[in-house]
> 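My questions will all concern the structure given below.
Along the sequence shown, the residues carry numbers beginning at 1.
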Amino acid sequence: MGGRFVIVTFPDEEMRNKALEEKWFEELKPWNGDQAKDERLVWIACYGMPLNAWNMPAFRSIGSIWGHFLEVDEETLKEVSFDKGKVLIATENTSKISDKIQFIVDG
């Protein structure tokens, strides 16, 4: 359906109602036939990050500029290399994201 949204089917109505009642998912509602969400998942590469800002809160802050922060890639988390950090976001922005930002660390 686009981005983080999927269609979940159930073998019967009873199972669907149980999933709705017990909150098996963060959000689950019957589909009313509306168009899918205009959301896409995008990896953002962050270059020039100072080592004292190489942490999850900093990457979360950067990713949140363009959409909803989802995760940091495994190489970034394991600090395999410090040439770039990669952040996965969900965004409704349909244009190419190639902005430069000034990231202020410790004031």
> Give a yes or no on whether Val42 and Ile101 share a hydrophobic cluster (residues Ile, Leu, Val, Met, Phe, Trp, Tyr; joining criterion: side-chain heavy atoms under 4.5 Å apart).
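Hydrophobic grouping puts Val42 with Ile101.
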
> Can you measure from NZ (Lys18) to CD (Glu13) and round to the nearest 0.5 angstrom?
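Going from NZ on Lys18 over to CD on Glu13, the span is 15.5 Å.
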
> Taking atom CD as the centre, does Glu22 end up with more than 12 heavy-atom neighbours from other residues, nucleotides or ligands that are less than 6.0 angstrom away?
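Correct, the count exceeds 12.
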
> Cluster question for you: counting only ILVMFWY and a side-chain heavy-atom cut-off of under 4.5 Å, with indirect links fine, are Met56 and Leu88 together?
no

> State the CD1-CH2 distance between Ile97 and Trp66, to the nearest 0.5 angstrom.
7.0 Å

> Is there a path of hydrophobic side-chain contacts, each under 4.5 Å between heavy atoms, that joins Leu41 and Val87?
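No, no single cluster joins them.
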
> List the atom of Ile62, the atom of Cys46, and the distance in Å for their closest heavy-atom pair.
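What the structure gives for the nearest pair is CG2-SG, 3.8 Å.
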
> Is it true that Lys78 and Glu74 make a salt bridge, defined as a side-chain N closer than 4.0 Å to a carboxylate O?
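Result for this pair is yes, salt bridge flagged.
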
> Between the side chain of Thr76 and the main-chain N/O of Val72, is any donor-acceptor distance below 3.5 Å?
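Judged by distance alone, no pair lies under 3.5 Å.
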
> Are Ser61 and Phe103 packed together at the side-chain level, in the sense that at least one heavy-atom pair is separated by less than 4.5 angstrom?
yes

> Are Leu51 and Tyr47 connected, step by step, through hydrophobic side chains (Ile, Leu, Val, Met, Phe, Trp, Tyr) whose heavy atoms are closer than 4.5 Å?
no

> For Ile89 and Gly63, work out which heavy atoms get closest and say how close.
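Nearest pair, atom of Ile89 first, then Gly63: CG2-O, 3.4 Å.
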
> How long is the gap from CG on Asp99 to CD1 on Ile44, to the nearest 0.5 Å?
9.0 Å

> Say whether, by atom type as modelled, one donor and one acceptor occur between the side chain of Arg16 and the main chain of Thr9 under 3.5 angstrom.
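Absent.
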
> Grab the two heavy atoms, one from Met49 and one from Ala58, that are nearest each other, plus how far apart they are.
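Distance-wise, the nearest heavy atoms are CE-CB, 4.1 Å.
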
> Can you see which heavy atom on Lys84 is nearest to which on Ala45, and at what distance?
CD-CB, 4.1 Å

> Is it possible for you to say whether Trp43 and Leu77 belong to one hydrophobic cluster, with membership spreading through side-chain heavy-atom contacts below 4.5 Å?
no

> Hey, are the side chains of Glu79 and Trp54 touching, using non-hydrogen atoms and a 4.5 Å cut-off?
yes

> Begin with the C-alpha distance, continue with both residues' side-chain angles, and end with the deciding distance and a verdict on side-chain contact (heavy atoms from CB on, under 4.5 Å) for Arg40 and Thr91.
CA-CA 6 Å; Arg40 65 189 181 117; Thr91 182; 4.1 Å; yes

> State, to 0.1 Å, how close Pro50 and Val105 come at their nearest heavy-atom pair, and which atoms those are.
CG-CG2, 4.0 Å

